[in-house]
Amino acid sequence: ATAEGNRIVARQIVTSMRHAEPTLEVAELALAYRDDSVCGFDIAGAEDGFPPARFVEAFGFLKRNNMFFTIHAGEAFGLPSIWEAVQVCGADRLGHGVRIVEDIELSDGAAKLGRLAAYVRDARIPLEVAPSSNLQTGIATTMADHPVDLLKDLGFNVTVNCDNRLMSATTMSREFALLSETFGWDLDDVEWCTVNAMRAAFLHHDQRESLIREVIRPAFAAARAA
């Protein structure tokens with residue numbers, strides 16, 4: 001609890017490194033501790049050369065046991081990585097996923113979504129967008145060229161994240177500040193992304209909605225009234 005007595009809810013996602021030999025060991029750990037702080041599973045690490053389907057046995061095992069998982073895909077590698085994560089592995093969320101923009105054609109101010117981009121948007125698959133990290137891995141050279149604003153405007157289920165606070169030397173406040181400075185995001189945009197993130201959390205539905213209703217919405221309302 002904080003000094004003011006407000007409750008903080010913390011959960012863990014356990015992670016296999018995708019460059020390692022695929023095993024069920026970490027997935028089994030996730031299940032073993034699912035009632036003791038672990039809420040999900042992930043694969044992370046080098047994306048190019050290590051496709052998500054290498055861990056398809058682990059993902060199938062988790063699905064059969066009703067466990068949520070996210071997959072890093074579409075940051076350092078493109079559409080094939082996202083397609084595998086979604087359609088072969090069944091990811092509940094996409095870590096980054098920003099290269100889905102490669103399946104969007106822009107012409108005269110209009111956007112035409114390819115089949116994969118439309119599926120990801122229409123299925124409401126959450127994108128764990130980490131703007132500063134994405135710049136470091138080459139999605140764009142400047143924040144102004146980052147696709148997060150386009151993806152938000154096109155109705156993708158965008159959330160904003162730090163990824164690695166140490167390597168990116170960032171915080172959630174800094175990420176939102178950068179998006180505000182670059183794209184003119186206001187409190188409505190920040191609240192929208194925050195609610196998206198909470199609704200995508202690997203928590204029970206009633207817990208997610210309680211945190212939105214009792215913590216997130218009132219905090220934004222207070223910020224507007226200040």
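Note that this is a predicted model, so its numbers are computed, not measured.
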Ignoring hydrogens, what is the shortest heavy-atom contact between [X] and [Y]? Give both atom names and the distance.
| X | Y | answer |
| --- | --- | --- |
| G95 | T70 | N-OG1, 3.6 Å |
| C162 | S133 | O-CB, 4.4 Å |
| I43 | P52 | CD1-CA, 3.8 Å |
| I82 | G97 | CD1-O, 3.8 Å |

In terms of hydrophobic clusters joined by side-chain contacts under 4.5 Å, are [X] and [Y] together?
| X | Y | answer |
| --- | --- | --- |
| V215 | L187 | yes |
| I125 | V129 | yes |
| L29 | F69 | yes |
| L62 | V56 | no |
| I71 | V86 | no |

Any salt bridge (charged side-chain N to carboxylate O under 4.0 Å, His left out) involving residues 81-98? Give me the pairs, sequence neighbours left out, ordered by first then second residue. K63-D92, R93-E128
Non-neighbouring partners of [X] that pass side chain to side chain contact (heavy atoms under 4.5 Å, CB included), sequence neighbours left out:
| X | answer |
| --- | --- |
| E181 | A177, L178 |
| S107 | none |
| R64 | F61 |
| V14 | V26, A30, V38, F41 |

Using the side chain to side chain donor-acceptor pair (under 3.5 Å) criterion, which residues pair with T159? Sequence neighbours excluded. N161
With rounding to the nearest 0.5 Å, note down the distance linking [atom1] in [X] to [atom2] in [Y].
| X | Y | atom1 | atom2 | value |
| --- | --- | --- | --- | --- |
| L203 | R208 | CG | CZ | 7.0 Å |
| F55 | L24 | CZ | CG | 10.0 Å |
| T194 | L211 | OG1 | CG | 12.5 Å |
| M143 | L135 | CE | CG | 4.5 Å |
| R121 | L127 | CZ | CG | 12.0 Å |
| R199 | N196 | CZ | CG | 8.0 Å |

Residue pair I100, F156: steps toward the side chain to side chain contact (heavy atoms under 4.5 Å, CB included) verdict: CA-CA 10 Å; I100 197 67; F156 283 82; 4.3 Å; yes
Which side-chain hydrogen bond (donor to acceptor under 3.5 Å, both in side chains) pairs, counting each pair once, include a residue from [range], with sequence neighbours left out?
| range | result |
| --- | --- |
| residues 47-57 | E47-S81 |
| residues 15-36 | none |
| residues 217-226 | D188-R224, E191-R217, E191-R224 |

Modelled atom types, side-chain donor and acceptor of N134 and T137, under 3.5 Å: no
State, yes or no, whether a side-chain contact exists between [X] and [Y] at a heavy-atom distance under 4.5 Å.
| X | Y | result |
| --- | --- | --- |
| P147 | I139 | yes |
| L150 | V101 | yes |
| F176 | D189 | no |
| L151 | I104 | yes |
| Q207 | R11 | yes |
| W83 | V88 | yes |
| L113 | D103 | no |
| H146 | L179 | no |

Show, in sequence, the C-alpha distance, side-chain angles and deciding distance for S132 and E175, and conclude whether the side chain to side chain contact (heavy atoms under 4.5 Å, CB included) test is met. CA-CA 7 Å; S132 293; E175 293 299 298; 2.6 Å; yes
Provide the full list of ring pair (Phe, Tyr, Trp, His ring centres under 6.0 Å) pairs with a residue in residues 92-125, sequence neighbours left out, each pair given once. H72-H96
Pairs where residues 204-225 contributes a residue and the test ring pair (Phe, Tyr, Trp, His ring centres under 6.0 Å) is met, not counting sequence neighbours: none
Shared-cluster residues of I13, by chain and number - hydrophobic side chains joined below 4.5 Å: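 Traced through the cluster, I13 reaches F68, F202.
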From CA spacing to verdict: side chain to side chain contact (heavy atoms under 4.5 Å, CB included), I216, V195: CA-CA 7 Å; I216 295 172; V195 170; 4.1 Å; yes
Show your reasoning for whether side chain to side chain contact (heavy atoms under 4.5 Å, CB included) applies to W185 and V148. CA-CA 11 Å; W185 284 21; V148 61; 4.0 Å; yes
